[in-house]
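Each chain gets a letter, A, B and so on, in the order the sequences are listed, and its residues count up from 1.
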Amino acid sequence: MSEQPETELDLEQDLPEQIAVRLAKRERLNELNDAYPVSLPITHTIDGVRAAYPELEIDVATGDKVALAGRIVFQRNTGKLCFATLQAGSGQRIQAMLSLDKVGEEQLEAWKELVDLGDHVFVAGEVVTSKRGELSILADEWLMAAKTIRPLPNMHNELGEEYRVRHRYVDLIVRDRAREVVQIRSKVMQSLRRTFDAQQFIEVETPMLQTIHGGASARPFKTHSNAFDTELFLRIAPELFLKRAVVGGIDRVFEINRNFRNEGADRTHSPEFAMLEAYQAYGDYNSIADLTQQLIQNAAMDVFGTHQVELEGGEINDLGGEWPRISMYESLSEACGQVITPETPMAELKKLASSVEIEIDHPLPGKYVEELWEHFVKGNLVKPTFVIDFPVDTSPLTRDHRSKAGVVEKWDLYIRGYEQATGYSELVDPVIQRARFVEQVTLAASGDPEAMKLDEDFLKALEFGMPPSGGMGMGIDRLLMSLTGLGIRETIMFPLVK
RNA sequence: GGGCCUCUAGCUCAGUUGGUUAGAGCAACGGACUUUUAAUCCGUGGGUCGUCGGUUCGAUCCCGACGGGGCCUACCA
């Protein structure tokens, strides 16, 4: 649905009928009183009143007076008695009743004339139940709290996907699940921070604007600083700064913040996305895997009270128990029926790749191994699984394996076939790190736009000595997807739209 | 990047094998109604059929370009 240029509300011509009508009502309200009063004598909340009268009989008058406000989501007017359903931000609702004998003819007529679906209104009156047993406020008076100029969408059909994303504020008003997802996200964040706090991790914030982008392989967004007259990049990862923090003695450190990657957007990728990274001095990829499992299991338990999380559509995502750790090379060998090791020659990998129609052209064998692994193994991983010990040449920030040649101490965590997190025994030897960067720069020179750049200051930091460490990174949006079964654009309140 | 599909009222959707005046439900407007729950009943208005161009006596419909969206594919720690 293509958007017309936004309607100019002060151009009185060419307005959709309903907007023109509501603007006229706004004028009228301002003449009578105020369409947007600065404050109202509210004494109660909708949630509070609902909680205070959980089970009243039919047609009860309590004698209790309350004054509250809410957004009108349904309206039923009869001649001398009007009903409206008021909704709070929580989604809780309560009925307001306006009768001729309580509010008088003038106020009743004004209500019928000036109040529309979507308006915020204030009502003060007695808590009662109607003859059908609905908990209600029988109003003695009402006031407009905020006049709505645009009509709410029809609440009896699902909103279109595009409308929901482009008008999330409306989606949040009319769809309970939209509000729920926002709350789940907030609770997950709280839970993650609690788990970190319980283990003495410190939360920090590192630069989003960087002069050299590093810590991952991805194309960056570029911008320009006028003050420094220099090219800047939005960060693709916080890794190199968090490691500087570890060098400085922040031994247990984490950051939850946005990353930006200038690449494709689909059901599992967003150009800006929330990232969690954590580093633990004197830990390694095993201890950081333990931590990652705890973070996710605690979040499921804190938010849903179970490790068996029910997803959109009813599927159960079982996050319980100890998560298996399988070797990349061994699981690939098993799945493809041919022994693949770090020594397997390039020609053989290429042959296997083309036999399953993987068409890539890359100078390094590790890339082929990862592609083959994704083809043969990834799709079958439903339960949470750590895939461990990756090829060395695709993991420039990771330490060589302590006992296996040709692989590094790195894992990826897969949940329901999605890559959920990654963890390393961090490479802390500044000499080897420099050599790895130089290889990456060579790759970049040969045209790989995702290869990393040489960050001299980061290398200098390593030269001051970084303790042996484990580190991990996890996409928060993806975690929400795993916990809800929703697409990434439903887990982000305001995803980027063109 | 490649392929396929899609865009009709404020919202959700029908429809026109190219032909007078493009429909429904909710929403809106006028009226009736003091116990409604998507209230009901009577009546009314509301559309550049995404945009621009082409074919045609005639285009919302066919064709092309552009724009928005979706799906698949490719790319993607």
Touch class at under 4.0 angstrom, heavy-atom based, for A:Leu117 against every strand present: sugar-phosphate

Among B:U35, B:C26, B:U34, the one nearest A:Leu100 by side-chain distance: B:U34

Full working for side-chain hydrogen bond (donor to acceptor under 3.5 Å, both in side chains) between A:Thr422 and A:Trp411: CA-CA 6 Å; A:Thr422 189; A:Trp411 51 256; over 6 Å; no

Residue A:Val21, side-chain heavy atoms: nucleotide from B:A28, B:G10, B:A39 that is nearest: B:A28

Gap in Å between the two P atoms, one belonging to B:G47 and one to B:U21, rounded: 15 Å

Touch class at under 4.0 angstrom, heavy-atom based, for A:Gln95 against every strand present: base

Closest to side chain of A:Asn154, choosing from B:G10, B:A39, B:A77: B:G10

Under-3.5 Å donor-acceptor pair between A:His269 side chain and B:C76 base: yes

Under-4.0 Å salt bridge between A:Arg416 and A:Glu315: yes

Under 3.5 Å on both distances, the Watson-Crick or G-U partner of B:C66: B:G50

A:Glu439/A:Arg436 ion pair, N-O < 4.0 Å: no

Distance, C1' atom - from B:U48 to B:A9, rounded to whole angstrom: 13 Å

OP1 or OP2 of B:U34 under 4.0 Å from side-chain N/O of A:Lys80: yes

Phosphate OP1/OP2 of B:G70 contacted by A:Arg489 side-chain N/O (<4.0 Å): yes

Closest to the A:Lys367 side chain, choosing from B:G69, B:C11, B:A77: B:A77

Polar pair under 3.5 Å, donor/acceptor by atom type, side chain A:Gln18, base B:A27: yes

Sugar-phosphate only, base, or nothing, as touched by A:Gly473 at under 4.0 Å among non-hydrogen atoms: nothing

Nearest-angstrom distance from the residue atom CZ of A:Phe74 to C1' of B:A38: 6 Å

Spacing of A:Glu162 atom CD relative to B:C7 atom C1', expressed in whole Å: 9 Å

More than 12 heavy atoms of other groups within 6.0 Å of A:Lys383 NZ: no

Pairing of A:Arg399 and A:Asp284 as salt bridge, 4.0 angstrom limit: no

Residue closer to the 5' end of RNA chain B, A:Ser99 versus A:Pro238 (nearest nucleotide): A:Ser99

Shortest side-chain distance from A:Glu371, nucleotide among B:C33, B:C76, B:C29: B:C76

Per A:Thr422 side chain, nearest of listed nucleotides B:C29, B:A77, B:U37: B:A77

Sugar-phosphate only, base, or nothing, as touched by A:Lys102 at under 4.0 Å among non-hydrogen atoms: nothing

Lys/Arg N to Asp/Glu carboxylate O, A:Arg325 vs A:Asp389, below 4.0 Å: no

Sugar-phosphate only, base, or nothing, as touched by A:Asn77 at under 4.0 Å among non-hydrogen atoms: base

Pairwise 5' ranking along RNA chain B for A:Val497 and A:Gly160, keeping only the more 5' one: A:Gly160

OP1 or OP2 of B:A32 under 4.0 Å from side-chain N/O of A:Lys112: no

Side chain of A:Asp101 (C-beta onward), nearest among B:U34, B:A39, B:A77: B:U34

Lys/Arg-Asp/Glu bridge criterion (N-O < 4.0 Å) met for A:Asp119, A:Lys25: no

Atom-to-atom span, CZ of A:Phe83 to C1' of B:U40 - whole angstrom: 13 Å

Whole angstrom value for the distance that separates C1' of B:C76 from OH of A:Tyr414: 11 Å

Separation of the P atoms in B:A24 and B:G45, to the nearest angstrom: 11 Å

Under-3.5 Å donor-acceptor pair between A:Glu134 side chain and B:U37 base: yes

C1' spacing across the pair B:U12 / B:C52, given as an integer number of angstrom: 29 Å

Euclidean distance for P, B:U8 against B:C33 (whole angstrom): 40 Å

Atom C1', compared across B:A65 and B:C72: separation rounded to whole Å: 24 Å

Touch class at under 4.0 angstrom, heavy-atom based, for A:Tyr163 against every strand present: sugar-phosphate

Between B:U56 and B:G23 - P atom distance, rounded Å: 30 Å

Identified pairing partner of B:G23, criterion: Watson-Crick or G-U wobble below 3.5 Å: B:C13

Length of the line joining A:Leu23:CG and B:A28:C1', which is rounded to integer Å: 14 Å

Sugar-phosphate only, base, or nothing, as touched by A:Glu277 at under 4.0 Å among non-hydrogen atoms: base

Ion pair A:Glu490/A:Arg164, N-O distance below 4.0 Å: yes

Sugar-phosphate, base or nothing in reach of A:Met155, heavy atoms under 4.0 Å: nothing

Ring centres under 6.0 angstrom apart (A:Tyr285, A:Tyr424): no

Sugar-phosphate only, base, or nothing, as touched by A:Met275 at under 4.0 Å among non-hydrogen atoms: base

Distance between C1' atoms of B:U60 and B:U55 (Å, rounded): 16 Å

Rounded distance in Å - CD (A:Glu263) to C1' (B:A77): 10 Å

Who pairs with B:A28 - Watson-Crick or G-U, where each distance is under 3.5 Å: B:U44

Sugar-phosphate only, base, or nothing, as touched by A:Leu152 at under 4.0 Å among non-hydrogen atoms: nothing

Value in whole Å for how far the P atom of B:U12 lies from CD of A:Glu161: 12 Å

A:Arg166 vs B:G69: side-chain N/O to OP1/OP2 distance below 4.0 Å: yes

Nearest-Å distance for atom pair CZ/C1', residues A:Arg76 and B:A39: 7 Å

Touch class at under 4.0 angstrom, heavy-atom based, for A:Arg22 against every strand present: nothing

